[in-house]
Amino acid sequence: KFGGEAEDYIRLADVLYEENEEKALSYYRAAYEKDPKNEWAAYRIALIVDMPETEEMFGKLQNGDSLLGRVAKTKLMEINLITKMEEVYQ
């Protein structure tokens, strides 16, 4: 689909992120497709997309011992807490 290296797409997506998340998402996805172990691409995809893909991407990240892995684990706990609160208070 795209030529170039994953890092090239990440740099471009990072520039686009603040102005146009949807356009940035296509480049993060291209980077992730080229390098499925790229945690930054997975993290940014998880921030942009909706459930259940958000949960899926954070789930892939949470198993790592990196900073982004720990952030993903925290985000998943937050999602679960919000879901439980919505169940209780609806």
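Quick caveat, the model's predicted, so the values are computed rather than measured.
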Inset, instruction - Kindly say whether Ile45 contributes a backbone atom to a donor-acceptor pair with the side chain of Arg29 at under 3.5 angstrom? - result: no
Legend entry - Lys34 (side chain) donor-acceptor with Gly4 (main chain) under 3.5 angstrom: yes
Inset, instruction - For the residue pair Tyr17 and Arg44, establish whether any side-chain heavy-atom pair is separated by less than 4.5 Å. - result: yes
Inset, instruction - Could you tell me which non-hydrogen atom of Ala41 sits nearest to which non-hydrogen atom of Ile10, and how far apart they are? - result: CB-CD1, 4.1 Å
Inset, instruction - Enter the distance from Lys75:NZ to Arg70:CZ here, rounded to the nearest 0.5 Å. - result: 16.0 Å
Legend entry - Within-4.5 Å side-chain heavy-atom neighbours: Val71 and Phe58: no
Inset, instruction - For residues Glu22 and Ile48, determine if any side-chain heavy atom of one lies less than 4.5 Å from a side-chain heavy atom of the other. - result: yes
Legend entry - Closest non-hydrogen atom pair, Ala46 against Met57: CB-CB, 3.6 Å
Inset, instruction - Mind checking the CG-CG spacing from Leu81 to Leu76? Nearest 0.5 Å is all I need. - result: 12.5 Å
Inset, instruction - Determine whether more than 12 heavy atoms belonging to other residues, nucleotides or ligands lie under 6.0 Å from atom CE of Met51. - result: yes
Inset, instruction - Would you indicate whether the side-chain heavy atoms of Glu56 and Val49 approach each other to under 4.5 Å? - result: no
Inset, instruction - Determine, using the 4.5 Å side-chain heavy-atom cutoff (strictly less than), whether Ile79 and Leu68 are members of one ILVMFWY cluster. - result: yes
Legend entry - Lys60 atom NZ, neighbour heavy-atom count above 12 within 6.0 Å: yes
Legend entry - Flag for Asp14-Tyr28: side-chain donor and acceptor within less than 3.5 Å: yes
Legend entry - Heavy-atom side-chain proximity of Tyr27 to Arg11 below 4.5 angstrom: no
Inset, instruction - Any chance you could measure Glu78, atom CD, to Lys73, atom NZ, to the nearest 0.5 Å? - result: 15.5 Å
Inset, instruction - Can you measure from CD (Glu39) to CG (Leu61) and round to the nearest 0.5 angstrom? - result: 5.5 Å
Inset, instruction - Would you indicate whether the side-chain heavy atoms of Val88 and Lys84 approach each other to under 4.5 Å? - result: no
Legend entry - Rounded distance [0.5 Å steps], OG in Ser26 versus CG in Leu12: 8.0 Å
Legend entry - CE on Met77 to CD1 on Ile82, rounded to 0.5 Å: 12.5 Å
